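For clarity, every value in this text was computed on a predicted model and none was experimentally measured. Throughout, numbering of the chain's residues begins at 1 and tracks the sequence.
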Amino acid sequence: MILASLLCAAWIAGILPILIASIPSSKLNAFHSFVLGLAKRGKIMKSSSHKFTVPQKYFCHFYVLAVVWTTILLVFTWMYAYRIAPRVSQPLLYSSIASHLTGFSHDFWFHEGSSSLRKSKHMIWRSVFLLLLMEVQVLRRLFESIYVFKYSPSARMHIFGYLTGLFFYTAAPLSLCSKYASEVLQFVTNLIAEFVVKGKDRMKITEYDVWGHVNPLLLLKWHAWLGAAVFFFGWIHQYRCHAILGSLREDEDQVNDYAIPCGDWFEYASSAHYLAEIVIYGGLVIASGFSDVTVWLLFGFVVANLALAAAETQKWYLHKFDNYPKNRRAIIPFIY
């Protein structure tokens with residue numbers, strides 16, 4: 001709970017300055033400029049502004065970190081969930097899965113014990129599911145940063161934005177399993193201690209049960225699968241939008257040139273890839289069952305951060321191109 005509280009405090013600390021800077025008041029113009037200066041990157045940052053900046057191609061560092069960290073959390077959380085949650089027999093699975101998905105399942109998570117223990121064991125598998133979705137996301141982003149995006153050599157981002165990105169991809173996966181992080185850490189510590197004391201040859205060898213590791217995920221309730229559907233809806237469109245942005249600079253001689261992106265959600269929003277990111281994290285909120293405050297605050301930070309960046313991107317497009325489509329909104333189609 002201490003870790004979850006710290007993560008909540010961190011997300012709130014990230015959201016509040018953006019919200020304050022968004023208040024339309026002349027008294028806050030200086031604060032708005034300060035926050036915006038820390039967040040600027042790429043085309044919305046002046047090419048002459050190199051003080052306290054790093055190349056934008058360092059975005060790749062975010063996804064390398066994210067893949068390594070998310071994989072570690074996923075593997076150990078999955079191992080811990082398998083160890084503490086009893087397995088389900090196949091006949092019981094197939095006879096009960098329909099009632100379980102509608103919320104009226106039989107007691108096959110924990111046949112002898114309190115409902116709170118059953119709920120706890122269900123929630124640890126939900127954390128595994130969320131981390132699995134996050135793994136899918138960061139693996140694709142790493143692929144795109146290497147093979148899809150072609151960053152301009154002059155593109156920069158503020159060092160604060162770089163550090164914020166590193167923090168985000170450390171804290172975001174952790175937020176998806178924060179309630180069990182201390183238990184998982186203790187579990188891993190015990191495994192390491194057992195290995196040190198007994199040695200590899202004396203460790204207990206158990207046969208790997210693929211079905212036992214997978215079937216609890218199939219028993220998650222409807223909101224997990226609805227969240228996954230929303231997640232992949234945004235995931236697919238973000239890939240398409242990133243492919244469109246990458247195609248604008250297929251010619252290496254034109255990496256410093258900018259063009260108007262067209263197609264997919266770009267027909268409705270200037271920062272369609274940001275819109276897709278919001279949909280992706282909205283899917284995680286749904287998959288979490290709407291009940292995890294840490295995941296909600298993570299989503300709030302994503303929305304606030306991307307809305308701020310999208311507004312500046314919209315201004316840049318309108319200033320840069322006289323023929324820019326007037327019906328496009330910054331990030332929310334037909335609204336904002």
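Counting only heavy atoms from C-beta outward, the side chains of Arg126 and Lys221 never approach each other to under 4.5 Å. At a threshold of 4.5 Å between non-hydrogen side-chain atoms, the residues Ile146 and Cys60 count as touching. Contact check for Trp316 versus Thr313: no side-chain heavy atoms found under the 4.5 Å cut-off. Side chains of Phe31 and Pro17 form a contact here, defined as non-hydrogen atoms less than 4.5 Å apart. Looking only at side-chain heavy atoms (C-beta outward), Leu3 and Ser182 stay at 4.5 Å or farther from each other. Side chains of Val54 and His61 form no contact here, defined as non-hydrogen atoms less than 4.5 Å apart. Between Leu217 and Trp78, the closest side-chain pair of non-hydrogen atoms falls below 4.5 Å. Residues Ile278 and Tyr274 fail the side-chain proximity criterion, which asks for heavy atoms closer than 4.5 Å.
No option in Glu144, Glu277, His273 other than Glu277 meets the side chain to side chain donor-acceptor pair (under 3.5 Å) test with Gln238. For the ring-ring contact (aromatic ring centres under 6.0 Å, His included) with Phe168, the lone residue among Trp11, Tyr63, Phe62, Phe59 that qualifies is Trp11. Checked options Gln137, Met134, Glu135; the residue passing with Pro173 is Met134 (criterion: side-chain contact (heavy atoms from CB on, under 4.5 Å)).
Both Leu298 and Leu16 are part of a single hydrophobic cluster, where members link through side-chain heavy atoms under 4.5 Å apart. Residues Tyr151 and Tyr147 fall within the same hydrophobic cluster, defined by Ile, Leu, Val, Met, Phe, Trp and Tyr side chains chained together at heavy-atom separations under 4.5 Å. Phe167 and Leu308 sit in two unconnected hydrophobic clusters of ILVMFWY residues. Membership requires side-chain heavy atoms under 4.5 Å apart, directly or through other members. Under a hydrophobic-cluster definition in which Ile, Leu, Val, Met, Phe, Trp and Tyr are linked whenever side-chain heavy atoms come within less than 4.5 Å, directly or via other members, Leu38 and Leu163 are assigned to different clusters. Connection of Phe149 to Phe266 is established within a shared hydrophobic cluster, with ILVMFWY side chains joined at heavy-atom distances below 4.5 Å, either directly or through further cluster members.
In this structure, the separation between CZ on Phe52 and CZ on Phe160 is 13.5 Å, given to the nearest 0.5 Å. The distance from the CD1 atom of Ile23 to the CG atom of Asn29 is 12.0 Å, given to the nearest 0.5 Å. With rounding to the nearest 0.5 angstrom, the OG1 atom of Thr70 is 11.5 Å from the CG atom of Leu133. Within the model, atoms CD of Gln186 and CD of Glu183 stand 10.0 Å from one another, a figure rounded to the nearest 0.5 Å. In this structure, CD1 on Ile18 lies 5.0 Å from CG on Asn305, to the nearest 0.5 angstrom. Separating the CD1 atom in Ile280 from the CZ atom in Phe233 is a distance of 11.0 Å, to the nearest 0.5 Å.
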- Message: Pair Leu284, Phe299 - check side-chain contact (heavy atoms from CB on, under 4.5 Å), show working.
- Response: CA-CA 8 Å; Leu284 293 179; Phe299 176 68; over 6 Å; no
- Query: Hey, mind stepping through Cys177 and Val184 against side-chain contact (heavy atoms from CB on, under 4.5 Å) and telling me if it holds?
  - Reply: CA-CA 9 Å; Cys177 62; Val184 173; over 6 Å; no
- Message: Show, in sequence, the C-alpha distance, side-chain angles and deciding distance for Leu297 and Phe301, and conclude whether the side-chain contact (heavy atoms from CB on, under 4.5 Å) test is met.
- Response: CA-CA 6 Å; Leu297 289 173; Phe301 176 81; over 6 Å; no
- Determine, stepwise, if the pair Ile159 / Thr53 fulfils side-chain contact (heavy atoms from CB on, under 4.5 Å). CA-CA 5 Å; Ile159 186 66; Thr53 65; over 6 Å; no
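Checked by atom type and distance alone, the side chain of Arg329 never pairs as donor or acceptor with a backbone atom of Ala269 at under 3.5 Å. Here the side chain of Gln314 pairs a donor or acceptor atom with the backbone of Arg328 at under 3.5 angstrom. Of the possible donor and acceptor atoms, none in the side chain of Trp296 sits under 3.5 Å from a partner among the backbone N and O of Val285. At distances below 3.5 Å, at least one donor-acceptor pair connects side-chain atoms of His32 with backbone N or O atoms of Ala21.
A distance below 6.0 Å separates the ring centres of Phe129 and Trp225.
The minimum heavy-atom distance between Glu312 and Leu36, with the atom names listed, is CG-CD1, 3.0 Å. Nearest heavy atom pair, residue Val138 against residue Val67, reads O-CG2, 3.6 Å. Shortest non-hydrogen contact noted between Ala66 and Tyr169 is CB-CD2, 3.6 Å. Ile331 approaches Ser271 most closely through the heavy-atom pair CG1-O, 4.1 Å. Nearest heavy atom pair, residue Ala310 against residue Ala330, reads O-CB, 3.8 Å. Residues Pro333 and Tyr268 come closest through the heavy atom pair CB-CB, 3.8 Å.
Side-chain polar atoms of Ser270 and Tyr324 form a donor-acceptor pair below 3.5 angstrom.
More than 12 heavy-atom neighbours from other residues, nucleotides or ligands sit within 6.0 angstrom of CZ on Phe187.
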